[in-house]
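Written below as structure tokens is the structure these notes are about.
These values consider heavy atoms only, across backbone and side chains, with no hydrogens, waters or symmetry-generated copies.
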Amino acid sequence: MSHGAQWDRFSRIVSCVTDGMNVEFPAGGDAGQGVEDRVLDAALECIGRWGMTKTTAEDIARTAALSRATLYRAFPGGIATILDAMSARQVERLLAEVVAVTATAGSVEEILTSAIVAAGRFLDEASALHYLMAHEPEVLLPYFAFDRIGPLLSASSAALAPILGAYVSRQVAEELVEWGARIVLSVFFTPGLIDLTDAVEVGELVNTMLLPGFARELAGT
């Protein structure tokens, strides 16, 4: 699949998350939600083991201990549909975790710090993502290029800007989320620079690299 086609697919995935953060998975026949989850879990496991380009629908069915017929009843579109649903579920889970940890935050700094740490821990545990970074960067990196990351930024903004909106204007909230997300991705793709799972290091990052650019907007908050 070309990078253009991959990006179009990823854009659709994140659009699903942005529009209510409720992903609709295709189903048919006797394939229930349990089967769908087994397929998506198996897809993650396969990609973490072999990568995206080598993983087939047959690999996923075997890993999920399902027949090919059952897999295709749950996901009639085959491997492309499975990867769409798997990616959408992961983005949704990431954003859900990020939003959950900000519930008790009492300032812009606390919201951003807790959100980044939650994202860092989620990404740190994403074995499939780490495999792609190490072995198939040509598949992964186009999704996160500086000028092609709009859908992911939109999903992040839809999730977090309303929370930051209690302290700053909606425009400032969206800009904070955008630059926070860009910093997270830059650090994530530069291992060893900063530990995104460490609240102290992330707090310093927020205070030295993110908030100073919004000093005037944040005055008095």
Side-chain angles (χ1 to χ4, degrees), residues 10 13-14 17-18 21-23 40-41 44 47-48 86-134 137 140-141 143-146 149-215 217-219 221:
F10 186 72
I13 291 168
V14 181
V17 180
T18 305
M21 293 182 66
N22 183 23
V23 180
L40 301 184
D41 289 342
L44 270 177
I47 291 173
M86 180 204 72
S87 301
R89 188 182 68 165
Q90 291 305 101
V91 172
E92 185 177 15
R93 285 177 170 178
L94 167 60
L95 294 179
E97 290 192 17
V98 166
V99 169
V101 300
T102 64
T104 59
S107 67
V108 171
E109 178 187 347
E110 289 182 9
I111 291 171
L112 293 171
T113 299
S114 60
I116 291 173
V117 169
R121 290 174 178 170
F122 186 95
L123 295 173
D124 187 59
E125 296 173 359
S127 59
L129 187 60
H130 287 284
Y131 182 96
L132 293 176
M133 285 177 60
L140 182 65
L141 293 179
Y143 297 154
F144 301 104
F146 194 88
I149 201 175
L152 183 56
L153 296 178
S154 294
S156 301
S157 180
L160 281 175
I163 299 171
L164 286 166
Y167 302 92
V168 294
S169 70
R170 178 69 184 218
Q171 179 180 346
V172 172
E174 291 177 350
E175 291 177 356
L176 280 166
V177 173
E178 174 180 344
W179 286 106
R182 291 187 186 276
I183 288 173
V184 168
L185 292 174
S186 296
V187 172
F188 181 70
F189 286 109
T190 312
L193 183 62
I194 293 173
D195 183 358
L196 290 175
T197 69
D198 186 292
V200 174
E201 289 194 35
V202 171
E204 293 177 356
L205 173 71
V206 168
N207 281 299
T208 59
M209 296 184 64
L210 183 54
L211 294 184
F214 296 87
E217 292 85 350
L218 294 172
T221 61

Using every non-hydrogen atom in the two residues, find where [X] and [Y] come nearest and quote the distance to one decimal.
{"X": "Val98", "Y": "Val101", "result": "O-CG2, 3.2 Å"}
{"X": "Val202", "Y": "Thr113", "result": "CG1-O, 3.8 Å"}
{"X": "Pro212", "Y": "Val206", "result": "CD-O, 4.0 Å"}
{"X": "Ser157", "Y": "Pro162", "result": "O-CD, 3.6 Å"}

Is the shortest side-chain heavy-atom distance between [X] and [Y] below 4.5 Å?
{"X": "Leu176", "Y": "Glu217", "answer": "no"}
{"X": "Gln90", "Y": "Leu44", "answer": "yes"}
{"X": "Trp179", "Y": "Leu210", "answer": "yes"}
{"X": "Ile183", "Y": "Ile116", "answer": "no"}
{"X": "Val108", "Y": "Phe214", "answer": "no"}

Begin from the C-alpha positions of Asp124 and Leu196 and carry the test side-chain contact (heavy atoms from CB on, under 4.5 Å) through to its verdict. CA-CA 8 Å; Asp124 187 59; Leu196 290 175; over 6 Å; no

Does Tyr167 form a side-chain contact (heavy atoms from CB on, under 4.5 Å) with Ile111? I'd like the steps, not just the answer. CA-CA 10 Å; Tyr167 302 92; Ile111 291 171; 3.5 Å; yes

How about CE on Met209, more than 12 heavy atoms from neighbouring residues, nucleotides or ligands closer than 6.0 Å, or not? no

Is a side-chain donor or acceptor of [X] paired with a backbone partner of [Y] at a separation under 3.5 angstrom?
{"X": "Thr102", "Y": "Ala105", "result": "no"}
{"X": "His130", "Y": "Leu123", "result": "yes"}
{"X": "Glu201", "Y": "Asp195", "result": "yes"}
{"X": "Glu92", "Y": "Ala88", "result": "no"}

Hey, are Arg182 and Glu178 close enough for a salt bridge, meaning a charged N less than 4.0 Å from a carboxylate O? yes

Are Glu97 and Arg93 close enough for a salt bridge, meaning some N to O gap below 4.0 Å? no

Taken to the nearest 0.5 Å, the spacing of Glu109 CD from Leu211 CG works out to 6.5 Å

Distance, nearest 0.5 Å, that separates CG of Leu160 from CD of Glu174: 11.5 Å

Reference residue Thr190; test side-chain contact (heavy atoms from CB on, under 4.5 Å); the match among Leu193, Ile194, Val187: Leu193

Could you go through the side-chain contact (heavy atoms from CB on, under 4.5 Å) check for Val91 and Leu94 one step at a time? CA-CA 5 Å; Val91 172; Leu94 167 60; 5.6 Å; no

